[in-house]
Amino acid sequence: MIPFNRPAIVGDEFAYVEEALRSRALAGDGTFGRRSEALLERTLGVQRALLTTSCTHALEMCALLLDVGPGDEVIVPSFTFVSTINAFALRGARPVFLDIRPDTLTLDERALEERISPRTRAIVVVHYAGVGCEMGVISEVSNRRGVPVVEDNAHGLFGAYRGKPLGTFGALAAQSFHETKNFSCGEGGAVLVNDARFVDRAEILREKGTDRSRFFRGQVDKYTWVDLGSSWVLSDVLAALLLAQLEARERIQAGRRAVWERYQAELADWALANGVLLPTVPPDRQQAFHMFQLRFPDLARRSAFIDHMLARGVKAVFHYQPLHLSPMGRRSGARPGDCPVTERVSDQLVRLPFYTELGGDEQGRVIDAVRAF
Ligand SMILES: *Cc1c(COP(=O)(O)O)cnc(C)c1O
């Protein structure tokens, strides 16, 4: 069976994790954590990167940093993972669901401004499949209306929009290092802070609402409870695993790029002949090679395709179901028809096996199976 995902191990993980264990410093905010954060800060050009226990927790930190509360609204695509909005719903905010563009499947920026109200506290964008949203328009609307952008950049690390790295557009951005992402330590994440005003408070929230970080830097002589917060620091053992992956970023991304480009080249004719759409990547986006998705004309053919692939030993899977039609989404007043592209695409889309070390005969078997449909 060819799995849908298999986390990459690049080599240095073993030595780094051993070093972390031997050092007997297992808690967070240690040497490997700092090195991972410095690497992210340097390569992306962000003010501060803070490793967290997950992207979900990174988004919860963003909601706290923006003081989102009951009665507030947060604009979010319906076509995303539940954490994108749950982090804000936890603070009492109401989701305002936006549809996606039919080409890139990212937030439809043309529908953004009319959904902003005096209660809107954040615009949360998702760079779906690692292809950047139309950030030129979104940033312009955000600046003019004074509503900050939060990027859920779980798919987009090391991708860019017009040469500027994804994760550097919003006041804040969230990364995921879950096993299913390009770079992984099993479970993990990061908050990227682009607006310097949030740096000190982000450190405090992540350290259970204490000024522990300042204490260890010698800036205060004892540490104490100064704000809300929780336990969101990533263990240094996991940070060691992550650092090995981040240091191998060029190799990992080159591997994923080869897989993506082979799918595109070898499935183009088949897709055209069968009315199937391949991913769209506008020329001004440098994508992050997170996934390769197909879009079938309808649900019946999508389901038949998944069965066909399974019968040939290949796991192909569908993706997000519209959040505005979920039981929680409906409680916020959303109705069928609110996001027609999302509703259509969620029935049509299927993801092919996609991982860094896919290639050679294995990928050849997936491609043969697709073409036999
Ligand atoms: C994976 C993912 C998350 C959640 O990441 P965790 O690190 O598992 O919390 C959030 N948003 C998107 C778009 C994701 O793909």
Side-chain angles (χ1 to χ4, degrees), residues 4-8 28 33 36 40 49-64 74-90 95 97-98 100-101 104-107 122-133 135 149-159 166-167 169-170 172-192 206 230-235 238-239 241-242 245-246 256 279 287-293 317-324 326 328-329 342 345-346 349 351 354-355:
F4 169 66
N5 177 59
R6 183 191 295 149
S36 299
L40 291 170
L50 292 164
L51 296 188
T52 58
T53 35
S54 67
C55 180
T56 301
H57 287 161
L59 289 161
E60 287 176 26
M61 279 180 59
C62 295
L64 273 169
V74 171
I75 294 179
V76 64
S78 172
F79 193 65
T80 184
F81 188 63
V82 62
S83 297
T84 312
I85 186 59
N86 221 354
F88 297 88
L90 263 175
F97 294 106
L98 217 59
I100 48 171
R101 297 178 54 101
T104 55
L105 312 183
T106 55
L107 187 108
I123 301 163
V124 188
V125 303
V126 178
H127 305 301
Y128 184 74
V131 177
C133 300
M135 289 315 297
V149 168
V150 174
E151 296 173 80
D152 177 341
N153 196 29
H155 302 177
L157 185 56
F158 303 128
L166 303 180
F169 287 89
L172 300 162
Q175 299 297 149
S176 176
F177 303 117
H178 183 263
E179 163 179 308
T180 51
K181 304 305 193 300
N182 294 24
F183 302 88
S184 158
C185 59
E187 302 272 1
V191 175
L192 306 181
R206 192 180 66 150
S230 193
S231 184
W232 285 320
V233 182
L234 187 73
S235 159
L238 291 179
L241 176 37
L242 179 64
Q245 301 238 320
L246 292 176
R256 302 183 73 93
Q287 65 146 319
F289 303 102
H290 177 59
M291 69 171 81
F292 195 93
Q293 74 273 15
V317 295
F318 59 86
H319 209 189
Y320 304 132
Q321 298 305 294
L323 275 181
H324 70 289
S326 66
M328 279 294 282
T342 302
V345 165
S346 63
L349 190 141
R351 296 172 292 161
F354 197 92
Y355 42 91

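As the structure lists them, so they are numbered: ligands from 1, and atoms in each ligand from 1.
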Item checked: Under-4.0 Å heavy-atom contact with ligand 1, by part of H57 that carries it -> neither
Item checked: Polar side chain donor-acceptor pair, N5 to T180, under 3.5 angstrom -> no
Notebook entry, point to check: If you count the atoms of ligand 1 from 1 in the order shown, which ones are under 4.0 Å from a heavy atom of K181?
Noted result: 1 (C), 2 (C), 14 (C), 15 (O)
Check: Nearest protein heavy atom to atom 3 (C) of ligand 1, by residue and atom, and its distance?
Finding: F81 CD2, 3.5 Å
Notebook entry, point to check: For the residue pair F177 and L246, what are the closest heavy atoms and their distance?
Noted result: CE2-CD2, 4.4 Å
Item checked: T56 neighbourhood, listing ligand 1 atoms whose heavy-atom distance to it stays under 4.0 Å -> 4 (C), 6 (P), 9 (O)
Check: Backbone, side chain, both or neither: what part of A154 comes under 4.0 angstrom of ligand 1, heavy atoms only?
Finding: side chain
Notebook entry, point to check: N/O of H155 under 3.5 Å from N/O of ligand 1, yes or no?
Noted result: yes
Next item on the list: Heavy-atom contacts with G188 under 4.0 Å: which atoms of ligand 1 show up? List them by number with element.
Entry: 7 (O)
Next item on the list: May I ask you to check whether F158 and F183 place their ring centers less than 6.0 Å from one another?
Entry: yes
Margin query: Just to be sure I read this right, does ligand 1 sit under 4.0 Å from the backbone of Y320, its side chain, both, or neither, counting only heavy atoms?
Written below: side chain
Note to self: For the backbone of L98 and the side chain of S78, can you confirm whether one donor and one acceptor N or O come within less than 3.5 Å of each other?
What the structure shows: no
Notebook entry, point to check: Against heavy atoms of C55, which atoms of ligand 1 measure under 4.0 Å?
Noted result: 4 (C), 5 (O), 6 (P), 7 (O), 9 (O), 10 (C)
Checklist line | Student check: side-chain heavy atoms of T106 and H127 closer than 4.5 Å | finding: no
Notebook entry, point to check: If you count the atoms of ligand 1 from 1 in the order shown, which ones are under 4.0 Å from a heavy atom of S54?
Noted result: 7 (O), 9 (O)
Checklist line | Which segment of D152 sits under 4.0 Å of ligand 1 when only heavy atoms are counted | finding: side chain
Notebook entry, point to check: Counting N and O atoms only, with roles assigned by atom type, does the side chain of N182 sit under 3.5 Å from a partner on the main chain of A288, one being a donor and the other an acceptor?
Noted result: yes
Notebook entry, point to check: Can H178 and S176 be counted as having a side-chain donor-acceptor contact under 3.5 angstrom?
Noted result: no
Check: Checking ring pair (Phe, Tyr, Trp, His ring centres under 6.0 Å) for the pair H319/Y128: CA distance, chi angles, key distance, verdict?
Finding: CA-CA 11 Å; H319 209 189; Y128 184 74; 5.5 Å; yes
Check: Out of S176, S83, A174, A190, who gets a non-hydrogen atom closest to atom 7 (O) of ligand 1?
Finding: S176
